[in-house]
Structures are given as structure tokens and as C-alpha cells.
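Numbers restart at 1 for each chain; the letters A, B, ... are given by sequence-line order, proteins then strands. Computed from a predicted model, the values in this text were never measured in an experiment.
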Amino acid sequence: MTCEQVLSVDVTENNAGSFPIGVRILVVESDPTCLRIVSKMLQVFGYEVKTATRATDAMHILREKEDEINLILTETHLPDMDQYEILETVGELSSSPIVVFSADNNESTILGCLFKGAELYLVKPVIKNDVKNLWQLTYRTKLKTAVSGEGSNTFHGGSAEQNTSSLTVGNPASTMGMTDQKGKRKELEETDNDHEYIDNLTAPKKSKLVWTNELHNIFLQALRIVGVDGAHPKKILQHMNVPGLKKENVSSHLQKYRLYLKREQDGMQKTAVLHQHLIHKEGSLNTQTRNSS
DNA sequence: GAACTAATAT
DNA sequence: AATATTAGTT
């Protein structure tokens, strides 16, 4: 079997760095054999693998444990969902980067997936080298928090291996025209066309903090630790332990996050009412369990 | 005053 | 829309 050959991954190649270790990846693949092979490959490199064979299973996992997933690897030909539907649905459910792997080698299919939000498209058969560096996608936009005025930080954990060096992960522009796709590559985007004169010497340019997926995940992790009672900016900030991050940053993000939760909850109430009706029917059937004598 | 958060500004 | 900043409350 070629399967077993693929499984003989050279573990020695993994010694270069311990980077994929701890990266949690959700693999969605309907074919059990393929799922097993890919999962094994990932595990050898140190990924933490969760699996699903159906789109609905994947959705359940994401709904309940979205913050425990860093990366999603999915097939597009699933029994219970169309190829692009899975991308759309998962994209709404999770902020993690989505990688598609499929045997379909059509250019239009590949581009379609990329336009639908996939970060990367791998053509089967997937080999170890395809999978080895996927963890880099979780660092898609690096943390840039190095600013002046570093206060006293007496606490360091070890959670963040944030490397600001060149983690060049191509981000397929999501705002491209869809009809014209020729192989135009722009490697350099040095946009010097800003003719804005900075009047003052003491204006080093404030750059807004960008809440990347990674940063948001740290935020969610901190939220989980402090619990609902302690979900306040100062405590969250301490648990996040990200250098340069300010309490105000967390406050702002927390506000946005709460709005998001509320909006989600309001949306859920409609469906919740429907479910309640169903439950009520079942419940009324069971009410006669307590018939004495 | 410090921390929190809702409201507002960029 | 996302993030920063202000302002009002505890």
C-alpha cells in the first residue's frame, strides 16, 4: 500500500524546530483512509489533530470548541455539503485559517476556493512537505506591538513564541476582481505615494493594533481562564501576557467582543424558540412517568 | 484616583 | 468595520 509508505515519515526532519507542536488543527475528510493518513502525518510533526468526516461534525466541533482550533484542513467534496458551502459556513464559524486539500486540480476550482476564503489549496496526494509548514498560517499577520513607552513588566510567561521575523505567508487578497485572474504577482508593495508631510518631529505615527486570529485566540484563552466573573480588561491583560498590549486595547476589543456575543445570542433566540417547541412536545409525552398506584 | 464600560471619534 | 479615545459611573 502506498499509504504505509507515506506514513514512514522521517521524524529526524522534524528536529529543525519544535514549531508545529501544540498547533491545533481540525481535519475534515470523508474518506477514512485519507483522513487517517493525513492525521498521522500531522501528528508526527507535532500538530494536535481533531478530525471530522462530515461537514456537520466539523461544524459541531467548531461551534463548541472554536477557540481550541488554530487551523482547519478540509476536503471540499463532502457528502453533506457542497464544495464552496463548507468554506462559507466554516468561515463564518471560525476565524482560523482554512486550508483546502482535494484531488481536483482545476484552476477554476482552486481559484474558487481561494476566493471563498481558503488560505491555501493543496492538490492531492498530500505529502509530508505540504503539511509540515502549515502552522505558519496561524501567524498570518504577525503581532506588531513594539512601541515606545514600555512600562514595567514583571511577568513573563512562556506562551508566546511570537516571531516578528519573516513569516512570509502569502495572503490571497480577498478583495480581488473575480473575472480577471492572470498570473500577476506583486512582490513589492512599497507604497510611497503618500504625499502627506508629517509636520511635527514628535509624531512617530501611531499604528493601530491589529487583532489577528492569533491575538484573538490568546484573548479567548485568557477569557476562559479568568471566567465570566473576572472578565475585565486588567485581568484579561495580565493573563494574555502580550508585551506592549495596553489595557485600553483589551477594553476596546472586549467591548467589540461583547457586542458580537450579544448579537449572536439575539440571533440564536429565534432558533432557540423553535427548539423549545420541539422539546415541549417531547416533554409533554414524558410527563406521565410519575403515575402512582 | 483607578477601573470599568458605554458612547463617541477616527 | 475595527480600533482608539473620551466621558460618565462605580
Side-chain angles (χ1 to χ4, degrees), chain A residues 62 66-67 69-72 87-98 114-119 137-155 157 159-160 162 164 167 169-178 189 191-269:
Chain A
L62 287 177
E66 196 277 327
D67 49 350
I69 300 292
N70 305 124
L71 192 57
I72 297 163
L87 286 173
E88 290 168 349
T89 317
V90 169
E92 289 172 5
L93 226 50
S94 169
S95 59
S96 304
I98 305 171
L114 294 177
F115 282 130
K116 286 295 182 182
E119 293 292 325
L137 291 172
T138 65
Y139 285 74
R140 181 168 63 249
T141 42
K142 56 185 185 284
L143 303 177
K144 36 183 176 182
T145 50
V147 210
S148 60
E150 191 74 358
S152 56
N153 274 346
T154 40
F155 43 82
S159 63
Q162 329 293 15
T164 51
L167 296 173
V169 176
N171 187 2
S174 53
T175 59
M176 279 176 59
M178 34 197 317
E189 296 185 14
T191 57
D192 281 353
N193 31 10
D194 288 340
H195 298 165
E196 300 252 312
Y197 293 107
I198 307 171
D199 41 297
N200 208 337
L201 314 162
T202 64
K205 246 191 185 180
K206 293 178 182 176
S207 60
K208 283 188 177 180
L209 173 70
V210 177
W211 284 86
T212 62
N213 290 326
E214 184 65 18
L215 193 52
H216 182 61
N217 281 335
I218 297 174
F219 171 81
L220 291 177
Q221 218 173 332
L223 268 191
R224 163 164 304 202
I225 292 173
V226 301
V228 246
D229 314 309
H232 303 298
K234 194 181 178 185
K235 199 171 268 184
I236 295 171
L237 178 66
Q238 287 173 355
H239 279 85
M240 285 184 69
N241 193 27
V242 174
L245 193 66
K246 300 295 190 308
K247 187 174 55 180
E248 285 77 12
N249 297 128
V250 177
S251 298
S252 181
H253 191 66
L254 181 62
Q255 184 178 61
K256 191 187 76 173
Y257 182 67
R258 282 170 172 161
L259 282 174
Y260 164 76
L261 285 183
K262 201 182 77 176
R263 163 160 78 66
E264 189 184 50
Q265 187 181 343
D266 289 348
M268 280 313 230
Q269 268 185 341

Checklist line | With sequence neighbours excluded, residues passing side chain to side chain donor-acceptor pair (under 3.5 Å) with A:Lys116 | finding: A:Glu88
Checklist line | Sidechain-backbone polar pair: A:Ser94 side chain, A:Leu62 backbone, donor-acceptor under 3.5 Å | finding: no
Note to self: With a cut-off of less than 4.0 Å, is there a side-chain N or O of A:Asn249 near OP1 or OP2 of C:dA4?
What the structure shows: yes
Could you go through nucleotides 7-10 of chain C and list every protein N or O atom that sits under 3.5 Å from one of its N or O atoms, giving the distance for each pair?
none

Next item on the list: With sequence neighbours excluded, tell me which residues meet side chain to side chain contact (heavy atoms under 4.5 Å, CB included) with A:Leu259.
Entry: none
Next item on the list: Summarise how protein sits on nucleotides 3-10 of chain B as a single string, 5' to 3': B when a protein heavy atom is under 4.0 Å from the base, S for sugar-phosphate-only contact, - for no contact.
Entry: SSBBB--B
What donor-acceptor contacts under 3.5 angstrom involve side-chain atoms of residues 225-234 of chain A, with partners at least two apart or in another chain?
from     : atom 1 : to       : atom 2 : distance (Å)
A:His232 : NE2    : A:Asp229 : O      : 3.3

Notebook entry, point to check: In chain order, what residues pass the salt bridge (Lys or Arg N to Asp or Glu O under 4.0 Å) check against A:Arg224, with sequence neighbours excluded?
Noted result: A:Asp67, A:Glu68
Item checked: A:Thr89: partners by side chain to side chain contact (heavy atoms under 4.5 Å, CB included), with sequence neighbours left out -> A:Met59, A:Met81, A:Glu85
Notebook entry, point to check: Under 4.0 Å: is that the gap between some side-chain N or O of A:Lys256 and OP1 or OP2 of C:dA1?
Noted result: no
Note to self: Between A:Ser252 and A:Glu248 (side chain of the first, backbone of the second, donor and acceptor by atom type, cut-off under 3.5 Å), is there such a pair?
What the structure shows: no
Check: Would you call the rings of A:His253 and A:Trp211 parallel, tilted or perpendicular if under 30° counts as parallel and over 60° as perpendicular?
Finding: parallel
